[in-house]
2 protein chains.
Amino acid sequence: MLSKKTKYGIKALTYLARQENKTPVAIATISKSENISLKFLESILLTLRKNEILASKKGKGGGYYLLKEPSEIQMTAVMRVLEGPISMIPCVSLNFYEKCKDCPDENACAVHNLMEQVRDNTLKIFRNTTLSDLCKC
Amino acid sequence: MLSKKTKYGIKALTYLARQENKTPVAIATISKSENISLKFLESILLTLRKNEILASKKGKGGGYYLLKEPSEIQMTAVMRVLEGPISMIPCVSLNFYEKCKDCPDENACAVHNLMEQVRDNTLKIFRNTTLSDLCKC
DNA sequence: TAATACCCTATTTACTTGGTAGGGTATGCA
DNA sequence: TGCATACCCTACCAAGTAAATAGGGTATTA
């Protein structure tokens, strides 16, 4: 299940991507427009900044803005920063791999092979979708 | 993230599907073979029985067995019974739909449209995969 | 210098997961 | 009939996570 954190994060990113100019937008502005708890959104944007998807400007007239062009921000990056693994199970994860304790042979595991298929397909979608695609809705 | 419940359930189902004849298999047998906590597995198999994927026989020589042919058991059914929604977000779920509180217009929501794509692809995989496919690993 | 707005840590509440415990009940076989 | 087997059912618990809240600190700019 997608966390609210990721959901709010994506919404905030599309909000920023839709801005004409690249002047910073205050957290409170996004919070009101997208119906997101101010403090919760604050921590999400902070995470995105630490992971170099967003940048910020302090003080009066400050706020957050995109570090790259919307067309250069892939959903794989956003998902991994906010949600963590894209795979449904750690034993098929590319970036968050972990071996199953109960499973002696991954290649003989039905769950492993099924979830590998799901991962491949989901990955393909996230790779082929950028922030600019999401703004077209 | 896939729950252990679903993972164990699929493993148990493939174990049953691999049986030559359709004689009942005791929970303890599957538990040992697949390294699954006995009592936890018991509750999982019970769920599968209540949802008419498995049937059981009580008493000596009893156990669980498949109600249908492996090739007739789609992964969509298994996933919905054990994991719940296949979608990553309730607002795109076919069987567990729920409206987002913060979202005034679903069709204008970037998250909604992205997750709809993911759902379609995952659904396609689960629909085209039966228990007999999983046994081929 | 004062207002703005980001920055950071800590805490709370509610919920879910995974597992445990213990006994009840139906079945088959000697 | 009686006993062992093995499913059936309810309740409980520890640990972790999600989502939100609180409160203050710091940099910037007008």
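All values reported here derive from a predicted model rather than from experimental measurement. Below, chain A is the first sequence line, B the second, and so on; all start at residue 1.
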Could you state the atom-to-atom distance from CE of B:Met1 to P of C:dC15 in whole Å?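 That distance rounds to 23 Å.
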
In whole Å, what is the span from the NZ atom of B:Lys39 to the P atom of D:dC8?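 Whole-Å distance recorded here is 12 Å.
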
Please answer whether the main-chain N or O of [Y] pairs with a side-chain N or O of [X] as donor and acceptor at a distance below 3.5 Å.
| X | Y | answer |
| --- | --- | --- |
| A:Thr129 | A:Met75 | no |
| A:Thr14 | A:Ile10 | yes |
| B:Thr6 | B:Leu2 | no |
| A:Ser87 | A:Val92 | yes |
| B:Asn35 | B:Ser31 | no |
| A:Ser33 | A:Thr29 | no |
| A:Thr47 | A:Ser43 | yes |
| A:Lys99 | A:Cys103 | yes |
| B:Asn113 | B:Ala110 | no |
| A:Asn51 | A:Leu48 | no |

Contact list for DNA chain C against residues 41-56 of chain A - heavy-atom distance below 4.0 Å: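 Going residue by residue through residues 41-56 of chain A, the ones with a heavy atom under 4.0 Å of DNA chain C turn out to be A:Glu42, A:Leu46, A:Arg49, A:Lys50, A:Ser56.
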
Kindly state which residues belonging to residues 79-98 of chain B come within less than 4.0 angstrom of DNA chain C, counting heavy atoms of the residue only, listed by number.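 Contacting residues: none.
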
Looking at side-chain heavy atoms only, is the closest gap between B:Val78 and B:Leu131 below 4.5 Å?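 In short, these two side chains do not touch, never coming nearer than 4.5 Å.
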
Sorted by first residue and then second, give each salt bridge (Lys or Arg N to Asp or Glu O under 4.0 Å) pair with at least one member in residues 37-65 of chain A; sequence neighbours left out.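 Residue pairs passing salt bridge (Lys or Arg N to Asp or Glu O under 4.0 Å), neighbours aside: A:Lys39-A:Glu42.
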
N/O-N/O pairs, protein side and nucleotides 26-30 of chain C side, under 3.5 Å:
residue : atom : partner : partner atom : Å
C:dA26  : O4'  : B:Lys58 : NZ           : 3.4

Quick one: which protein N/O atoms are closer than 3.5 Å to N/O atoms of nucleotides 18-20 of chain D? Pair and distance per line, please.
residue : atom : partner : partner atom : Å
D:dA19  : OP1  : A:Lys4  : N            : 3.0
D:dA19  : OP2  : A:Lys4  : N            : 3.1

Return yes if a side-chain donor-acceptor contact under 3.5 Å exists between A:Ser3 and A:Glu83, otherwise no.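 Yes, a side-chain donor-acceptor pair sits under 3.5 Å.
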
Give a yes or no on whether a salt bridge exists between B:Asp102 and A:Lys4, defined as a side-chain N under 4.0 angstrom from a carboxylate O.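 No, this pair does not count.
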
Under 4.0 Å between a side-chain nitrogen and a carboxylate oxygen: does that hold for B:Glu69 and B:Lys22?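 A salt bridge links B:Glu69 with B:Lys22.
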
Each nucleotide N or O in nucleotides 13-17 of chain D that has a protein N or O under 3.5 Å away: list the pair and distance.
none

